[in-house]
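Report on one structure; see the data block that follows.
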Amino acid sequence: MITLEKPLKQPTPLLRKPAVFRLLVIALLAEIGYAVLNVSTMPVYLRDDRQFGTSVIGVVLVAFLLSEAVFKSPMGHLADRYGHRTLMTVGPALSVATCLLSFVVPRHGGSPVEVLAFVLLRMLDGIGAAMLWPAAFAAMGDSVDDNERQQAMSLLNLCYMLGIALALPIGGSVNDLSHTKYGSLFLAAGLFAAVSFSSWRLAPKAKSVHAAGDEPGEFNIGEFIASAKKIPSYLILAIVTFAGIGFPMPIIKLFAQDEFQMSESKFGFGVVFPAAILMAALSVPLSKYGEKIGRTKAVHVGMGLASLGLCIIASGAFVPFLRQAWVFALGGMPCGIGFLLAIPAWMASVSDIDPCKRAANLGAVMTAQGLGAIIGASFGGMLYERLGPLGAELRLGESFAHYAPFVACATCIVLGWLVGMKILRPDVLHPDEACLIPEP
């Protein structure tokens, strides 16, 4: 008698899983909102409308990054205890208020009081972002199987990077069409409102996880230290790499205006948007390639590509012929591909360390990333504004100062790549046993 074996059921593609799809939409809208506010709108609005200096703009951005870094770990802890949906709803709602409050800050030509007001508003934004991201990454980790986690993190990371890329053309177009430097503040507020409502209605519910005897909502610094001790290599890489990413953050849009004489929308749609489309097309193939070669090797290869791309961009500081938009776009391609390959593998490994502490461990890594970005952003605006005399002395012109943040960025990314090649090994991290949630 011949029996026919029942064919194996094919796994459902991640994008067809309702929980995954909803989280990706929420993440994309959220990152567009935060990038429109902090990367696209604030530098131009503060310089051209509020008459802030570039160095002061860097201080305002650092306030956001510092607040986000400080609060990500405790907010990740709260997400583990109270559920992801609550923090994903409250965080963006807080940013709606900060966007609208930016309009009521009195104008005093960049006076200390005016600067302090924007610093405080951006700190509140940082708290909102700290509520959202560890909870979103942890929710994604809980919504997929173990063998899908790296691809899921890759899709989340794609939303993060696409959000930054799309923010520049979208925010710039709103400003150009409104003939103002603040029109995109209303756009950011609307995006945050949509994220908050979507999280409240659509984000998957998760059981809160806490050990018996713990006080719910009480942040234990020992848990952050425990996470830091468990993943020191990742924290080192996070600080070094994101210090590099931080250098051009305050000046990227000002750079396009000053060096390429591009309007906000022209830079966004002519340079950034094509790169974003390429990243979107390559995201899934790259995530599968990363799974095939292994997480550690994916980090190595990705960081190497990012280093190559940034060196191409930074070469404009020393070679005047290379100070052209097409060279910038050419260098941006391997840079974007490299980060698409490296960061999901990195975050998936962290997510797998301890299923009971996913949000806490992710929060620790994100805190290290934030601290690195703070270091870079603190000096990026300063280099852009104050290295003009050195460029003149070296006979490289004022453009030397404009490219200096990218030179610093490339240096840090190359250093991070070399450090990663030395300290990251395939057997460094192993998933712990599954988290057992006691029945009530």
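Atom set for the values below is all heavy atoms of this structure, side chains included, hydrogens, waters and symmetry mates excluded. The structure displayed is predicted, hence computed values, not measured ones.
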Taking the side chain as every heavy atom from C-beta outward, state whether [X] and [Y] have any atom pair closer than 4.5 Å.
X    : Y    : value
K297 : K292 : no
M75  : I127 : yes
T54  : I251 : yes
L286 : I337 : yes
F242 : I375 : no
R22  : P18  : yes
I245 : Q369 : no
L305 : C335 : no

Do the side chain of [X] and the main chain of [Y] share a donor and acceptor less than 3.5 angstrom apart?
X    : Y    : result
S40  : A35  : no
H300 : W417 : no
T180 : G183 : yes

In Å, rounded to the nearest 0.5 Å, how long is the span from [atom1] of [X] to [atom2] of [Y]?
X    : Y    : atom1 : atom2 : result
L28  : L191 : CG    : CG    : 9.5 Å
S55  : Y384 : OG    : OH    : 12.0 Å
L61  : F118 : CG    : CZ    : 13.5 Å
I293 : L341 : CD1   : CG    : 5.5 Å
T41  : L187 : OG1   : CG    : 7.5 Å
R122 : M42  : CZ    : CE    : 4.0 Å

Describe, in one word, how the ring planes of F64 and Y34 are oriented to each other, choosing from parallel (under 30°), tilted (30 to 60°) and perpendicular (over 60°). tilted
Angle class for the F379/F247 ring planes (parallel below 30°, perpendicular above 60°, tilted otherwise)? tilted
Where do [X] and [Y] come nearest, in terms of heavy atoms and distance?
X    : Y    : value
L383 : A408 : CD1-CB, 4.2 Å
M262 : A325 : CE-CB, 3.7 Å
A314 : A410 : CB-CB, 4.1 Å
D48  : Q257 : OD2-OE1, 4.3 Å
G416 : T241 : CA-OG1, 4.3 Å
G381 : P250 : N-CG, 4.2 Å

Please test V56 against L46 for side-chain contact (heavy atoms from CB on, under 4.5 Å), starting from the C-alpha separation and ending with a verdict. CA-CA 9 Å; V56 178; L46 294 180; over 6 Å; no
Please confirm whether the ring centroid of F406 lies under 6.0 Å from the ring centroid of F328. yes
Dump the intermediate steps for side-chain contact (heavy atoms from CB on, under 4.5 Å) on V44 and L254, then the final yes or no. CA-CA 7 Å; V44 176; L254 306 178; 4.3 Å; yes
Decide yes or no on side chain to side chain donor-acceptor pair (under 3.5 Å) for T89 and S196, but give the supporting numbers first. CA-CA 4 Å; T89 300; S196 181; 5.3 Å; no
D125 and its side-chain hydrogen bond (donor to acceptor under 3.5 Å, both in side chains) partner, picked from S95, S67, S102: S95
Apply side-chain contact (heavy atoms from CB on, under 4.5 Å) to L29 and V25, showing your working. CA-CA 6 Å; L29 291 176; V25 172; 4.2 Å; yes
Might you work through the side-chain contact (heavy atoms from CB on, under 4.5 Å) test for R50 and E114, ending with a clear yes or no? CA-CA 9 Å; R50 294 273 182 167; E114 188 178 6; 2.8 Å; yes
